[in-house]
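Please read the structure below before turning to the comments.
Below, chains carry the letters A, B, ... as their sequence lines are ordered, and counting in each starts from 1. Values below: all heavy atoms of this structure, side chains included; hydrogens, waters and symmetry mates excluded.
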Amino acid sequence: MTVLTYLGAISDGLREEMRRDERVLVMGEDVGAFGGAFKVTDGFLDEFGPRRVMDTPLAESGIVGTAVGASVVGLRPVCEMQFSDFVACGFDQLVNVAGKMHYRQRLAVPITIRLPSGGGFSGGPFHSQNPEAWFMHAPGLKVVAPSTPEDAKGLLIGAIRDPNPVCFLEHKHLYRRVKGEVPEGAYATPFTARVAREGEDLVVIAYGAMVHTALEATEGLEGASVEVLDLRSLVPLDEEAILAAVRKCSKVVVLDEANRTCAAGAEVAALIAERAWEDLDGPVVRVATPDVPIPFSPPLESAVLPSVERVREACRDLLAY
Amino acid sequence: MTVLTYLGAISDGLREEMRRDERVLVMGEDVGAFGGAFKVTDGFLDEFGPRRVMDTPLAESGIVGTAVGASVVGLRPVCEMQFSDFVACGFDQLVNVAGKMHYRQRLAVPITIRLPSGGGFSGGPFHSQNPEAWFMHAPGLKVVAPSTPEDAKGLLIGAIRDPNPVCFLEHKHLYRRVKGEVPEGAYATPFTARVAREGEDLVVIAYGAMVHTALEATEGLEGASVEVLDLRSLVPLDEEAILAAVRKCSKVVVLDEANRTCAAGAEVAALIAERAWEDLDGPVVRVATPDVPIPFSPPLESAVLPSVERVREACRDLLAY
Amino acid sequence: MATTTPRPEDVLPGSALLSDDDRAELLRCMLLMRILEERAMTLYRQGKVPGSFYDGFGQEAVSVGAAFAMAPEDRLCILHRDLGAHVVRGVAPARILAQYMGRSGGVTGGRDANVHFGDASLGCVGMISMLPDMMLVAAGMAMAFKLRGEARCALTWFGEGSTSRGDFHEAMNWAGVQRLPVIFVLENNQYAYSTPTSAQFAVDPVEHAAAYGFEGVTVDGNDVEAVWDATRHAREKAVAGGGPTLIEAMTMRMHGHAAHDDMRYVPPELLEHWRGRDPIDLYTTRLTELGIDAEALREEVTATVDAAAADALASPMPDPARVRDGVFCEGEAVPLGDGRAPWSGWRDPDRSAAAR
Amino acid sequence: MATTTPRPEDVLPGSALLSDDDRAELLRCMLLMRILEERAMTLYRQGKVPGSFYDGFGQEAVSVGAAFAMAPEDRLCILHRDLGAHVVRGVAPARILAQYMGRSGGVTGGRDANVHFGDASLGCVGMISMLPDMMLVAAGMAMAFKLRGEARCALTWFGEGSTSRGDFHEAMNWAGVQRLPVIFVLENNQYAYSTPTSAQFAVDPVEHAAAYGFEGVTVDGNDVEAVWDATRHAREKAVAGGGPTLIEAMTMRMHGHAAHDDMRYVPPELLEHWRGRDPIDLYTTRLTELGIDAEALREEVTATVDAAAADALASPMPDPARVRDGVFCEGEAVPLGDGRAPWSGWRDPDRSAAAR
Ligand SMILES: Cc1ncc(C[n+]2csc(CCOP(=O)(O)OP(=O)(O)O)c2C)c(N)n1
Ligand SMILES: Cc1ncc(C[n+]2csc(CCOP(=O)(O)OP(=O)(O)O)c2C)c(N)n1
Ligand SMILES: [Mg+2]
Ligand SMILES: [Mg+2]
């Protein structure tokens, strides 16, 4: 065990897997000499050389499409989108080429798309998006979103080893803010949910950065015992863990940072409303970002992103229900 | 009143508005001499000429992006995607350029994107998709999806007159299968829901082609009185109409043709679970297409698309709940 | 000027590498494509082919000629006018007809439609509808070959209309800047659905190649040996580290975009002109002069297609119970396999030396 | 060979159209861009500018020179190295500094970040991050002008790295096949973030123009009059129905990609070389020779920026209560307005005749 930042854990996982499996290569804009916009691949060029650490042209469709091609002839590309927002420019290749390949012709596409996502640091409308729901709505893509350094490393290694295209959502606001113990060596974390804190009166279901918001918001919340479920994986979605938590707590707040409509949180809430309805002692409360582009100016941005206060408020009201 | 097919009503609405407003032009692949892959613009080239009926290069990003440009200098482009599936190739321009423009700089983008969508005729994985949920999850875009000829004409005219980018989902399987009375002249239908059939025991909430599936499935369903709510507009979503229907019926089946996860139906179910929970006498049941690419072969396709039988089954079970 | 039309002396050395058996095989593959598509069209008219129907009537030389230049270890992305390439790579005729009919015996087992298939075990990636997305997939395969230092190449086809899409540019640029062993075959059949080239681009797309740093060549797309030879040259260059080639094959789409399209928008004299240049007629005449019995070949192929149709019709519809299987790969990821490569050059050491 | 570097005799007639006031204005705009960005950088270091900070230090001649050739009724999409174009079009300095600081007085009222703005009332569309998406928006504006038969043009800028994206191709092809009155200014500043041109493309991107059917010209991006004159020529051609032009302005990004970037990856001698070619120094010398008091201009501009900074700092942060407003337009759609066009040619009938 060593203590690493969330960012350091991502680098560590990528490095370990590249050492273990020579089929793995990283490709993206400025991932080579510069080590990536966030320095995730800092030092990789020196260790693995230009054949396995590739600076690509500025072309997201090209990054995803060529990665698909490389993967069907035996490589394991890990693509970095400089910001998850730019995946919109490679959307078609990801959704239509990569996502539907195996179903159509039994040809596996083992690629990983690293998506630095989320807001909270005045990135503005084009550097703060949470695109995961688009990909949850695209059959054939897996989607994972770690909240801790340990899971960031393990889920990234799991994504690289997975024979399917995996969208790996790494939350930029966690990169250096979150530290934690990380096991040495290469290990794959299963694509399942994790109980971040046990509780009995209410459960907050979240993923990524919002897990930390949930923990902070419900820390010793007027003596109530609040469970926090960290989904970790959105596709596959750990339905059993969600239903079990609702069965146990009977009250649920679904929290995500993405724009509210048709977000991951909507799917979780809909699942509960259909399959755990009898277990509920109150409405399925959602806390999310309203349907606005993420504004740049700090007072505006913090007015839309789910805050500790808003989550605490929502939990208080539901507990009092 | 004249009787028109759903397809004919779309043509009629487009023609009427082009006659009324010379700022309106149509652009897309093969919309000119050929009249569009589905013949929606048949005869338009002769009536309006090549400056207002434009055959574009095969480039969806180009179609959306140039339409945005034309719109901010005063035109009202109506873009045809040959199949809604291809909008994935113009995704970035639609979501990031068109959708976020007004919020960022108070510049209106009055464009309409016609999206021939949906399955049911062996179109296969790339000619059968229902992409609406992607755009519901992209702030700044409106999304409408008519189910009748009258609404197809009125919502299209409403979309063209709307000062915002509007995704107009026209269901291919309704084009020639559905006929109905259509008012003459130009009229705009509001972006609100419509009660397709009054009822008291259960409400089926649907839009587009699924409205017809819902009506057929619940026709005289063992004497039960089943309401069918036709959403017509997904953004804005008529929350009041949805909540009122649930308040009245207490049992609800949410039906859509899109892949289940994070679909429009998930949003509607989540809304009900939060804001109408106390009015429910049973779980919020969802009927949708499972998360698979739409297969080509008839027995496979009909095994995944929501059928009259599946909907009837779901209603029966819920009524008996 | 990027364009160079191969002069006879260019073609000859190539032709010298073709045995009579090779020539017979080239004709056989073109005939098989033609007769399979004619049969599929009949099945379509009989209501046995769901959805829509696309063919490559009149373009047989482009897919057959180019695929014939590919080695077993090469990889292909085959498009919607290129049934001949599937035939060359070894897809059984019965599986092709079953594919059109959405039967369990089809290449995709009824999951994808008509020409949207590729036999992964034969080194082919099935196309998707979005054009020309496969150019990037082909570039990516070539990128892997280059990174691993393998003397292999990737090839894909696409129409002239598809060159307007951004993915054309991203793939061309990628191939150029990384000097990838990839061959892009541009099938200029004059139309994109109903859209003439005049609405598609201002300059013939082969002219783009130079600005990406590689060669663009134009060949007669209705001369199967010319297409084969240009592709063979491009492959030699590619596997030798010389980078990509854009080959523009000039041809004509002789049928509608799909079965429903009556092509009212095509001037009759244009069709008339090209009808006189049918690639199969041209090659039949040539081989007959060389003493090859083309008639026998046609009969053999017709018999093959008859048998294939019977097999395909006997194939059951897919089982709906398994419709949700395979959205994800549950086991190991199995890369593409090697394809059939009928050219004698791949067997004869001297000849193949010329190409390898 | 698409490239033509303007020879002196090309430049001269253009220069003859510039009055001393025009020249002073050109220098004033470049100085205003430079000093505004320096001030913004100071505010950034003081923690008053949230997020990241981008500037166009060393590239002032490209945005100022090109924008100076635009008429009031022309329309622009201004990119992240082009603050000078906002200045030319008439955006008040205080609103620019307030924009960087996310204040309510900023052009976007704090909704979008740093350089992501455009004053619609001055005929400018604010850029989005995705590069080079604005090329298509510019092409679309030009398409509308052409459809309505208006003698106006659209112009946008983009970097050499952005030419790798598909939208570059779709916009170039659209402009070429429809012969649109649009001007594409390619700012070749040698780097895309840390990526050198060698990893971006095999051939200089100006070479693409010919394959799209229009002219590509290369100019010295650090000579403001050369940039102005090339753009003026392109505009004349565009409004006369001559179609688009790709202008490649050769320059150098003298600062990091953004404030956090120390440019370790750039060879020092390269920076050294370009430091000697600073566009403002070059033009200051030239104007001083012509007897224009550059020092006075610098002092005036500095005073302007001081006052602007004070105003900007006095502007309150935006009101969170209204954060959800304006996702949709509720009223009438108001098209872009006309911008400031300081060139005397737009006033003097003889001179403007040359350009209109
Ligand atoms: C991105 C995309 N947009 C639209 C279509 C619909 N479509 C199918 S084929 C076709 C024309 C293609 O023309 P071309 O590339 O010349 O190929 P051809 O069919 O002539 O061989 C179009 C527009 C598509 N397949 N992909
Ligand atoms: C589609 C897209 N991908 C990635 C980025 C991230 N990014 C911002 S600027 C930049 C480099 C742009 O280089 P260039 O086009 O040469 O412009 P310059 O900054 O050099 O003026 C990159 C990769 C982006 N803005 N857009
Ligand atoms: Mg064609
Ligand atoms: Mg640059």
Point to revise | chain A interface, residue from B/Ala88, B/Pro283, B/Gly140 that has the most non-hydrogen pairs under 4.5 Å | key: B/Pro283
Check your understanding: Where is the tightest heavy-atom contact between A/Ala266 and B/Ala270, given as atom of each residue plus distance?
Key -> O-CB, 3.7 Å
Check your understanding: Highest number of heavy-atom pairs under 4.5 Å with chain B: which of A/Ala269, A/Ala138, A/Pro125?
Key -> A/Pro125
Point to revise | Among A/Ala133, A/Pro139, A/Pro131, residue most engaged with chain B (heavy-atom pairs, under 4.5 Å) | key: A/Pro139
Exercise for review: Please name the pair of heavy atoms, one in B/Cys262 and one in A/Ala263, separated by the smallest distance, quoted to 0.1 Å.
Suggested key: SG-O, 3.6 Å
Exercise for review: Could you tell me which portion of A/Val95 (side chain, backbone, both or neither) has an atom closer than 4.5 angstrom to a non-hydrogen atom of chain B?
Suggested key: side chain
Give every donor-acceptor pair between chain A and chain B closer than 3.5 Å, one pair per line, or write none.
from     : atom 1 : to       : atom 2 : distance (Å)
A/Asn96  : OD1    : B/Gln129 : NE2    : 3.3
A/Lys100 : NZ     : B/Gln129 : OE1    : 3.2
A/Gln129 : OE1    : B/Lys100 : NZ     : 3.3
A/Gln129 : NE2    : B/Asn96  : OD1    : 3.3
A/Trp134 : O      : B/Trp134 : NE1    : 3.0
A/Trp134 : NE1    : B/Trp134 : O      : 3.0
A/His137 : ND1    : B/Asn259 : O      : 3.3
A/His137 : ND1    : B/Thr261 : O      : 2.7
A/Asn259 : O      : B/His137 : ND1    : 3.3
A/Arg260 : NH2    : B/Glu274 : OE1    : 2.7
A/Thr261 : O      : B/His137 : ND1    : 2.7
A/Cys262 : N      : B/Glu267 : OE1    : 2.8
A/Glu267 : OE1    : B/Cys262 : N      : 2.8
A/Glu267 : OE1    : B/Arg286 : NH1    : 3.0
A/Glu267 : OE2    : B/Arg286 : NH2    : 2.9
A/Ala273 : O      : B/Val284 : N      : 3.1
A/Glu274 : OE1    : B/Arg260 : NH2    : 2.7
A/Glu274 : OE1    : B/Arg286 : N      : 3.4
A/Glu274 : OE2    : B/Arg286 : N      : 3.2
A/Glu278 : OE2    : B/Tyr321 : OH     : 2.3
A/Val284 : N      : B/Ala273 : O      : 3.1
A/Arg286 : N      : B/Glu274 : OE1    : 3.4
A/Arg286 : N      : B/Glu274 : OE2    : 3.1
A/Arg286 : NH1    : B/Glu267 : OE1    : 3.1
A/Arg286 : NH2    : B/Glu267 : OE2    : 2.9
A/Tyr321 : OH     : B/Glu278 : OE2    : 2.3

Exercise for review: Answer with side chain, backbone, both or neither: which region of A/Ile272 has an atom nearer than 4.5 Å to a non-hydrogen atom of chain B?
Suggested key: neither
**Study point:** chain A contact via B/Leu280 - which portion, at a heavy-atom distance below 4.5 Å
**Key:** both
Check your understanding: If you count heavy-atom pairs under 4.5 Å with chain A, which of B/Gly282, B/Gly99, B/Cys89 comes out on top?
Key -> B/Gly282
